[in-house]
There are 2 protein chains.
Amino acid sequence: MVERLSRGPASVKELAAPLAMSLAAVVQHVQVLEQSGVIRTEKVGRVRSCRLDPAGLNVAERWIVERRALWERRLDRLGDLLAEPEPSSEQRAPDRNTTEEQS
Amino acid sequence: MVERLSRGPASVKELAAPLAMSLAAVVQHVQVLEQSGVIRTEKVGRVRSCRLDPAGLNVAERWIVERRALWERRLDRLGDLLAEPEPSSEQRAPDRNTTEEQS
DNA sequence: GCCTTGGTCAAGCATGGACTTGAGTATTGG
DNA sequence: CCAATACTCAAGTCCATGCTTGACCAAGGC
């Protein structure tokens with residue numbers, strides 16, 4: 001959908017056309033895209049036309065960059081720990097309870 | 001869990017301890033981690049001990065790097081298209097049907 | 001006027017993932 | 001020998017997502 005919109009604005013119908021989905025489903029997608037600021041829409045008569053919002057895409061880009069940085073940090077940390085020689089003697093820290101994800 | 005394992009091998013019990021989850025749930029996590037090659041486990045008596053598999057982590061890292069590259073490519077492409085002046089005259093390509101994701 | 005078109009809304013269904021429960025098994029300390 | 005421990009396994013629950021359906025409504029077009 002975003003790809004299609006990057007080639008110029010389109011109505012909901014047009015967005016739905018190539019997509020093996022009901023119109024309603026597409027509308028839902030459009031709604032979340034609008035709420036998250038990636039696109040803007042405007043209703044003219046009975047037609048709602050959608051276009052990308054460049055500013056919003058910048059936000060999206062920033063989001064992804066952050067995400068990426070986070071993963072990089074994790075991997076680096078992990079890499080460091082793996083590079084270290086394994087601690088042969090048991091010296092287990094007593095479970096700090098910081099924000100921590102599972103798996 | 002991976003974080004914990006990066007500080008040295010541990011039994012399933014130990015992994016479960018700080019995790020507000022049943023043992024069985026942890027075992028499930030351990031299974032997928034093992035299947036995807038991130039950890040290796042060995043059963044000694046009634047205890048299954050788990051350790052990270054450095055090689056497996058390399059695989060995981062490669063996976064993430066690929067993923068990242070993919071997103072970068074997408075964003076770049078999108079950025080390019082946005083940078084272009086909007087095509088004012090209607091010159092809509094007739095919907096090529098290549099592999100394409102929704103939204 | 002009235003049927004068609006493009007969209008809207010609410011409800012509901014299907015699926016998948018993460019977790020729990022409960023029953024069972026093998027090891028092990030006493 | 002017995003009970004506790006450390007799992008294992010199958011089944012079932014819960015919940016979020018993504019989509020469909022059907023009723024509805026406001027433009028158009030003829």
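The sequence lines fix the lettering, A, B, ..., with proteins before strands; numbering per chain opens at 1.
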Could you go over nucleotides 14-17 of chain D and give all protein N or O partners under 3.5 Å, atom names and distances?
none

Mind checking what makes salt bridge (Lys or Arg N to Asp or Glu O under 4.0 Å) contact with A/Arg40, not counting sequence neighbours? A/Asp53
Could you tell me how far apart A/Leu23 (CG) and D/dG22 (C1') are, to the nearest whole angstrom? 14 Å
Rounded distance in Å - CG (B/Leu15) to C1' (D/dA6): 13 Å
Atom pair distance, as rounded to whole Å: CD in B/Glu34 and P in D/dC7: 13 Å
Is any side-chain heavy atom of B/Lys43 closer than 4.5 Å to one of B/Val47? no
Specify the separation, in whole Å, of atom NZ of A/Lys13 and atom P of D/dG28. 15 Å
Would A/Glu42 and A/Ser49 count as having a side-chain donor-acceptor pair, cut-off 3.5 Å? no
Residue A/Met21, side-chain heavy atoms: nucleotide from C/dT20, C/dC19, D/dT20 that is nearest: D/dT20
Value for CD (B/Glu14) from CZ (B/Arg4), rounded to nearest 0.5 Å, stands at 5.5 Å
In residues 40-50 of chain B, which residues come under 4.0 Å of DNA chain C by heavy atom? B/Gly45, B/Arg46
Report the distance from atom CD of B/Gln28 to atom OG of B/Ser22, rounding to the nearest 0.5 Å. 7.5 Å
Check the pair B/Thr41 / B/Arg51 against side chain to side chain contact (heavy atoms under 4.5 Å, CB included), numbers first and verdict last. CA-CA 6 Å; B/Thr41 78; B/Arg51 54 175 65 237; over 6 Å; no
Report the distance from atom CG of A/Leu19 to atom C1' of D/dG18, rounded to the nearest whole Å. 13 Å
With the side chain defined as heavy atoms from C-beta on, A/Gln28 is closest, among C/dA11, C/dG7, D/dC9, to C/dA11
Roughly how far, to the nearest 0.5 Å, is the CG atom of A/Leu15 from the CD atom of A/Glu3? 12.5 Å
Of the listed nucleotides C/dC19, D/dC19, C/dC9, the one nearest the side chain of A/Gln31: C/dC9
Between the OG atom in A/Ser6 and the CD1 atom in A/Ile39, the distance rounded to the nearest 0.5 Å is 12.5 Å
Closer than 3.5 angstrom, by distance alone: can the side chain of A/Glu34 be matched with the main-chain N or O of A/Gln31 as a donor-acceptor pair? no
Options D/dC9, D/dC7, C/dC9, nucleotide nearest the side-chain atoms of A/Ala24: C/dC9
